[in-house]
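Numbering of ligands and ligand atoms starts at 1, following listing order.
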Amino acid sequence: MKPLGYIVHGGDYNPDQWINTPHIWDEDMRLMKEAGINSATVGIFAWSLIEPEEGVYDFSFLDTILDKMNDNGIKAVLATPSGARPPWLSQKYPEVLRVEETGIRNEFGVRHNHCLTSPVYREKVRNINRLLAERYKDHPALQMWHISNEYSGECHCELCQEAFREWLKKEYDNDLEKLNFKWWNGFWSHRVTDWSQISSPKFRGENHVPALKLCWSRFVSDSHISFFENEIAPLRELTPSIPITTNFMGVYNGINYQEMAKKLDLVSYDSYPPFEIEDSLEIGREWTFYYDIYRSMGGGKPFFLMESSPSLVNWRDVNVIPEPGRHAQSSLLAVAHGADSVQYFQWRKSRGGHEKFHGAVIDHIGTNETRVFREVASLGEKLKKLGDITGSECKSQVAVICDWDNSHATEYFHGFNNKRRDYFGECEKWHRQFSIRGISCDVISETDDFTKYALVIAPFMYMIKDGVKDKIKEYVENGGSFVATYLFAVTDTDDMVFYGGLPADELKEVFGIWAEESSGIPEGKEGTAELCGKTYKTEVVLDVIHSRGAEVLGTYTSGFYKGQPAVTRNAYGKGKAYYTAFRNDGDFTDDFCEMLIKDAGITPDTGITASKEVLIRKRGEHIFLFNFSDKIQTAVLDRVYFDIFGEKEVSGEITLPLCGYLVLK
Ligand code: GAL
C-alpha cells in the first residue's frame, strides 16, 4: 500500500448501536474531529441492519454514516460483515452454524460461529460483499477494506470433514499409501484403506497421530484463507485500487498468519498490552516482539494497529484502568515498530451488550470531558506531527525465526518435556535480547529470505521444511551467522524424523556436531552448563551432543554427559553456525547474545546510550526512546537531534519520566 502521508487515527465505529438516536452520529462527527480522528472502521457487525431479511436490503444507515464521515473529512475503513450473522440466516440455513469437535452443532449466538466450508455461507458472504462494493466503490470516504473480524476457530461438520479429505487427497497425490506412510499408520494398526475412514482429530477419537493434527491445522488455516479469498473476490473485481486487510491477533496460531499475510495489501494487528496489570517494562519488551512479527509478516512494510483500547478492556479476570500517559506511550511503541495507524476498539462505549464496560474514546457520559478523551485528543495532535514517518521501514540486521507451522509441530509431538514447550515464548526470549540493546530484529518464517541479515536465530526449530536445510547451509557458507538451539532439525515437512542422526543430513557438517540423545528435565532437577566461566541452569530440555569439528564454547557441568559440549561454534564457509544444546530461562540468552552480537560485528541502530531499561527504536529517520520501567531514566544523545513533540533541538543527557517517550529526528 502506498504511504498515506499521515498516521491513520481512528478505530471501530459502531454507530448501528444508536440507530434510534441518530443525533448522536452528528455528535460523533464533531467529537471525532476534536480528537484528531481521521478514519473510522464501519460496518463490522452491520449485517442485520443492511439485510434485515433475506434478499431485503437497506443501506440507508451506511449511506448516511459514510456521507457524514466524508463531509467531516473522516475516511472509512469499510468492513465486510461475515464475523457475525443475522439470526435469520442461521435459522434458515443451519449448515452455516459451526460444529464443535464433539460433533454437536452450535446454536445461533456470539460471533465467529460459522462453518468455513458451507457453500451457503460463502455465497451469502460473497453476495453481501458484492453489494457493498457495488454501492460504495466510488464513495469518496472509502479508504480500505477490513475483511470480517479476527478470523478464528474451526468447524468439524460433515462438509468440513469432506473438504478435509479432499485437501488430504491433494496433499498426498490421491495416494492413500503415501498418507499411511507419512502418518506412520503402520504403527498401532492405524492403516486406513479408504479416505472416508479419516476425520478431524478429536478428543474422543484420533488424537495421537501428530501428522494428522498437523494436517488438520494446515487444513483449517487453508480454509480460512480460502474463505477470505471468497470474501475478497468481488472487492478485488470492483475496487481494485482499494487496499485490503484483516485484523490478526498476536500469536494466535489457528491460522498460519505468515501465509495469510501474503494475500493482504497490508497486515493489521489488534493489540491489547496489559501494562496496567503486569510488569510494564516486561510488557513493553514483549510487545516489541509482536510489532516486529507484524512488520516482518508484511515483508518489512508498515502495518496497521487496527485495534487497541484507549482505556481498559473488559475481558481479563480483573480489568484495570491504565495509568495516565500510558495510552500515548503504548500507541507510539507500535508506530516506532512500523505501525502507520493508531486505531481503537471502540469509538463510543456501548450502553448494553457484552462490551458495555470495555474502554472507548467516548465514555457513557457522552462528552469530551474525560481523561481518556483528552489523552486521545492529545495523541491525535502528536500523530499529526509524524505524518512523514508513514511508509518508512525499520532496517534489521538480525532476525529470529518464529514459524507458525513449526509452532504446531512443536506442540503436537510427545516426548522429552510434554508440559513445557512454549514455542512462541522461546522465540520472544531471543528476540528481546536485540530489542533491549537498541538493535532492530525482524521475526520471520523458515521460508523467508535470510540473506539480508548478519545474524539469524532459530529457537526450537524442530521442523525443517523442504528446502530450508539447503538455505541454512548456503546462508552460512556465504558468511551468515546462524544460531540453532536444542531439538533442532528433527523432523521434515511431514513431521517425520530425519534418519541418519540429528541435526538432519548436511546440517551436521554445517554445525560441526551431532546430537545423540535428548532429554526432558523435570522442575527441581535442573542441571548446569558453563560458558566463559559462568554457570547456567539447564532447564526443560537438552541435547547430548558431540563435536565433529565445532569449537566447544561451553560444556555441561552436571549429568553423565558432564564435560561434553553444551554450546558450540563452527566456522563453515565464510560464516558461523552456533548450537546451544539446552534451554535456560535465566541469563544465558542475554550473555550469549552479547557474545553473538560482538562476533557478528553488529552495532546498535543508533549512537544513543542508555541502560537496557530504555527501549530505543529507529524507524526510517525517526528515533524513539521509551521508558516503560518504574524509575525515571536517562539517555545520552550522541548528537543534536530535533525533538518532534517538544519542537526544539535537544542534545546531551535527556530524562525520561515514568511512561515517558521521546521522538527524535
Ligand atoms: C477484539 C475484537 C473487537 C472487540 C475487542 C475488545 O478482539 O475484534 O470486536 O471485541 O476485541 O477488546
Pairwise side-chain contact, W404 with F424, heavy-atom cut-off 4.5 Å (strictly under): yes

Close side-chain approach of L132 to W145, heavy-atom, < 4.5 Å: yes

Salt-bridge contact K92-E54 (side-chain N to carboxylate O under 4.0 Å): yes

Carboxylate-amine/guanidinium contact R111 E150, below 4.0 Å: no

Derivation and outcome, salt bridge (Lys or Arg N to Asp or Glu O under 4.0 Å), residues D279 and R285: CA-CA 10 Å; D279 178 328; R285 289 171 167 178; over 6 Å; no

Where does ligand 1 get N/O contacts under 3.5 Å from the protein, atom by atom?
| residue | atom | partner | partner atom | Å |
| --- | --- | --- | --- | --- |
| ligand 1 | 7 (O) | E150 | OE1 | 2.5 |
| ligand 1 | 7 (O) | E150 | OE2 | 2.7 |
| ligand 1 | 8 (O) | N149 | OD1 | 3.4 |
| ligand 1 | 8 (O) | N149 | ND2 | 2.9 |
| ligand 1 | 8 (O) | E150 | OE1 | 3.2 |
| ligand 1 | 8 (O) | E150 | OE2 | 3.3 |
| ligand 1 | 8 (O) | E307 | OE1 | 3.3 |
| ligand 1 | 8 (O) | E307 | OE2 | 2.7 |
| ligand 1 | 9 (O) | R111 | NH1 | 2.8 |
| ligand 1 | 10 (O) | R111 | NH2 | 2.7 |
| ligand 1 | 10 (O) | E355 | OE1 | 3.3 |
| ligand 1 | 10 (O) | E355 | OE2 | 2.4 |
| ligand 1 | 12 (O) | Y272 | OH | 3.4 |
| ligand 1 | 12 (O) | W315 | NE1 | 2.7 |
| ligand 1 | 12 (O) | H358 | NE2 | 2.6 |

Pairing residues for S82 by the side chain to side chain donor-acceptor pair (under 3.5 Å) criterion, not counting sequence neighbours: S148, E231

